[in-house]
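Letters go in sequence order (proteins before strands), and every chain restarts at 1.
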Amino acid sequence: MALFGLVDCNNFYASCERLFRPELKSRPVVVLSNNDGCVIARSAEAKALGIPMAAPAYQWEHVFRQHQVAVFSSNYALYGDLSSRVMSILADMAPRVEVYSIDEAFLDLTGVADPVALCREIRARVTQWTGIPVSIGLARTKALAKAANRRAKKNPALGGVYDHTAEADPEALLADMEAGEVWGIGPRHQKRLWARGVRTALDFARLPRDWVKKEMSVVGLATQLELQGISCVHFERAPAPHRSLLCSRSFATLVEDKAQLREAVCSFATRVGEKLRRENAEASAVQVFVSTPRHRDVPQHNGQAVITLPAPTAHTPEIIEAALRGLDQAYAEGHGYQKAGVMLLGLTPATGRQNSLLDLPPEERQRQRTLMAALDGVNRRFGRGALRFALASAPDRPWHMRQMRRSPRYTTSWADLLKVR
DNA sequence: TCTGGGGTCCTAGGACCC
DNA sequence: TCTGGGGTCCTAGGACCC
């Protein structure tokens, strides 16, 4: 029988910030989203203050002040680096690991003689080597492992590891959980379930399957079966290649001027092109969008356009050119835009591509690749944006996203290394 | 001043083809 | 009275995840 473990870092971003600031050990810590917009991570103390996930930061400033909450802008360079340290420990210790997100990984523990003992060792080593606290849930399916993880977190007496397969009363786990807390049931479905009298995960697991399939599609049905112990979401050893890639940002101030939007779009196109080449892929189409703020009494405009490329490419100038054409279509005069983005669609592997009549000659393609490789090399070595395209915005534009409270890049930037006296 | 960024999958409906 | 049936592709919209 299959056995899944779910390793989840506790309050991951807040824990990362705390690592380098030991004096914050018992103070509440929150981390804000890009643009310092809303709360995306909270330490246990911050949760105890009643600060909800996704709370708009400006609404909670008084609480931050009153309780001396340590507030950080998000610092993805730091979190990404600590994440890979945690993941490499897991890879060393568990037979198979599926990295599921920046702070979570599934373990395939099928056939392991004493999985609980292994998980306790893993937990101890991650704590010792990285300082990041983790919880681990074990169960027969991924959705149950998620639920088991939640119990491991909530119940300190368990010591951070909970094995649902050893439980005398397996239904207690689901009876103790709201339906909306189940992995795969979001706010919309929760509301509809509530209207039908379904309160707990156990209620949901006991619904007629045909109703679930009809109202929640095959995805909802898979979730239900998973809660019943029937594994539908399988272990993925290697990450699937991306189907799309996106770079988008909110602006610190509203942008009306098309020339400034062109700069922003050009920067986003450059960035997403870097991601594309790092994945050794090419894009078949470029999508651009611009949008006005959602919650204000101004005319809304959400413009978007998709430009199909003549042939798949990873060449930044071609991506920029298409993106700017897309912007021409998406843009409407007379709006203050709050956000823009560039998405690459129809991704294909860069190697082994078919030649097409529409494509440039192979020598020209090769010349482009060499140029991009050189560019990426310089930017890797000297920092992103060291070399950039003329149209792309300089880093000092007033509308660049706010990051008023970012911590240093302790682990990924020489200049930010911690000084030991 | 004022709510992130980056993804995935499913479904329904229309266009088009044979 | 009475206008098929099946397949594919694309898109928009909706839902979810972290």
Side-chain angles (χ1 to χ4, degrees), chain A residues 6 8-9 11-13 30-41 51-62 72-76 79-80 83 98-106 142-143 146 149 179-193 212-223 226 232-233 236 239-255 268 271-272 275-276 279 284-285 287 289 291-298 302 304-306 308 336 338-347 398-399 401-404 406:
Chain A
L6 176 66
D8 192 324
C9 301
N11 314 325
F12 182 55
Y13 298 169
V30 301
V31 178
L32 305 182
S33 64
N34 273 329
N35 222 25
D36 293 346
C38 58
V39 174
I40 55 168
I51 303 169
M53 189 65 171
Y58 73 93
Q59 285 178 3
W60 289 82
E61 286 294 345
H62 63 287
F72 294 92
S73 301
S74 35
N75 183 347
Y76 289 102
Y79 314 146
S83 171
E98 175 190 336
V99 176
Y100 178 67
S101 74
I102 194 165
D103 69 336
E104 283 171 86
F106 286 103
K142 282 184 167 178
K146 277 271 194 182
N149 185 285
E181 291 177 295
V182 170
W183 187 48
I185 299 181
R188 303 296 175 109
H189 283 328
Q190 183 184 25
K191 204 172 159 194
R192 295 171 62 199
L193 289 168
V212 173
K213 169 144 192 239
K214 185 159 170 287
E215 298 296 321
M216 298 170 68
S217 88
V218 294
V219 180
L221 181 59
T223 299
E226 286 252 315
C232 299
V233 188
E236 308 277 352
H242 279 111
R243 305 171 64 91
S244 65
L245 289 169
L246 172 69
C247 178
S248 73
R249 289 287 179 278
S250 294
F251 303 129
T253 56
L254 298 188
V255 178
F268 303 158
R271 176 76 193 104
V272 80
K275 291 188 191 179
L276 183 67
E279 302 223 345
S284 314
Q287 180 174 26
F289 67 86
S291 52
T292 50
R294 279 175 294 178
H295 303 292
R296 280 202 262 175
D297 299 332
V298 292
N302 296 301
Q304 70 86 31
V306 177
T308 304
Q338 207 232 342
K339 182 174 177 174
V342 175
M343 191 170 354
L344 301 180
L345 309 168
L347 270 43
W399 41 266
M401 73 175 181
R402 273 187 299 267
Q403 274 196 309
M404 305 293 283
R406 208 199 71 223

* To do: Using the C1' atoms only, state how far C:dG4 lies from B:dC16, rounded to an integer number of Å.
  => 16 Å
* Asked: If you measure from the P atom in C:dC18 to the same atom in B:dC2, how many Å do you get, rounded?
  -> 30 Å
If you look at every strand shown and take non-hydrogen atoms under 4.0 Å, does [X] touch a base, only sugar-phosphate, or nothing?
X	value
A:Lys146	sugar-phosphate
A:Val99	nothing
A:Ile185	sugar-phosphate

* Asked: Got a sec: does the NZ of A:Lys275 have more than 12 other heavy atoms crowding it under 6.0 Å?
  -> yes
* Structure fact -> A:Glu61 meets the side chain to side chain donor-acceptor pair (under 3.5 Å) criterion, sequence neighbours left out, with A:Arg405
* Structure fact -> Sequence neighbours excluded, the answer for side chain to side chain donor-acceptor pair (under 3.5 Å) partners of A:Ser284 is none
* Structure fact -> With both pairing distances under 3.5 angstrom for Watson-Crick or G-U wobble, and | for a partner in another strand, the correct string for DNA chain B is ....||||||||||||||
* Asked: Which listed nucleotide (B:dT3, C:dA15, C:dC17) is nearest to the side chain of A:Pro56?
  -> B:dT3
* Asked: Who pairs with A:Ser217 by side chain to side chain contact (heavy atoms under 4.5 Å, CB included), at least two apart in sequence or on another chain?
  -> A:Val219
Round to a whole Å and report the spacing from [atom1] of [X] to [atom2] of [N].
X	N	atom1	atom2	value
A:Met216	C:dC16	CE	C1'	10 Å
A:Gln59	B:dT1	CD	P	16 Å
A:Glu181	C:dC17	CD	P	12 Å

* **Donor-acceptor under 3.5 Å (A:Ser74 side chain, A:Leu32 main chain)** => yes
* Nucleotide by nucleotide, 5' to 3', does protein get under 4.0 Å of the base (B), only the sugar-phosphate (S), or neither (-) in nucleotides 4-14 of chain B, counting heavy atoms? -> BSSSSSSS---
* May I ask you to decide if the ring planes of A:Tyr13 and A:Tyr79 are parallel, tilted or perpendicular, using 30° and 60° as cut-offs? => parallel
* Salt bridge check: are A:Lys142 and A:Glu98 linked by an N-O gap of less than 4.0 Å? -> yes
* **Partner residues of A:Tyr58 under the ring-ring contact (aromatic ring centres under 6.0 Å, His included) criterion, sequence neighbours left out** => none
* Of the options A:Thr292, A:Thr253, A:Leu254, which is the one that meets A:Gln338 in a side chain to side chain contact (heavy atoms under 4.5 Å, CB included)? -> A:Leu254
